[in-house]
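Atoms within a ligand are numbered from 1 in the order they appear, just like the ligands themselves. Bear in mind that the values here come from a model prediction, so they are computed numbers and not experimental data.
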Amino acid sequence: MSADAFSIGPLNHVGIAVPDIDAAIDVYRRVFGCTDITSPKDLAPQGVTFAFVNLPSGQVELIQPLGDSSPIVKFLERNPKGGQHHLCFEVEDIDAACVIMAERGMRVLGAPRIGAHGTLVVFLHPSDAGGVLIELMETPKEGAH
Ligand code: CO
């Protein structure tokens with residue numbers, strides 16, 4: 001992939017940090033009428049428990065801290081009721097995206113790790129993107145869930 005040709009792909013999900021994922025799921029189910037919500041799962045490498053609210057346009061990812069060193073503990077200290085935490089865009093090749101983002105002046109936060117969809121993800125510093133934490137995730141390959 002040439003760097004000039006790089007662009008982000010579809011918006012995959014909006015990440016919402018919540019203090020109580022069961023309570024948050026209840027709001028999406030009972031108040032917003034969502035029927036397709038995944039059961040909460042632990043994702044130890046990212047320090048979160050997550051669930052996806054599936055909508056025709058994409059997903060809302062609810063994340064609750066898993067463990068005291070969770071990266072969203074501080075976010076929830078500042079936003080005790082929860083709040084919008086990140087946007088996730090798909091990219092075809094996560095390693096190429098990391099190189100190109102760094103070339104374009106973005107601070108890439110660590111090496112790619114397995115994310116909630118089972119593909120590699122990486123985060124970009126919010127100060128470099130209008131104050132919004134950006135997650136890039138490699139698009140699941142055809143046939144994968
Ligand atoms: Co996410």
Point to revise | N/O/S atom of His86 inside 2.8 Å of the Co ion (ligand 1), strictly under | key: yes
Review point. For the Co ion (ligand 1), what is the closest N, O or S atom on Glu61?
Key: OE1
Check your understanding: Is a side-chain N or O of Asn54 found less than 3.5 angstrom from the main chain of Gln59, in a donor-acceptor match?
Key -> no
Practice item. Look at Cys88 and state whether any of its N, O or S atoms is less than 2.8 Å from the Co ion (ligand 1). Key: no
Check your understanding: With the Co ion (ligand 1) at the apex, how many degrees lie between OE1 of Glu135 and NE2 of His13, rounded to 10 degrees?
Key -> 90°
Review point. Will you find, in the side chains of Glu90 and Thr139, an N or O donor that is under 3.5 Å from an N or O acceptor?
Key: yes
Revision key, fill the gap. Smallest heavy-atom separation, Pro65 atom then Val18 atom, equals CD-O, 3.7 Å
Check your understanding: Any side-chain donor paired with an acceptor under 3.5 Å for His86 and Glu61?
Key -> yes
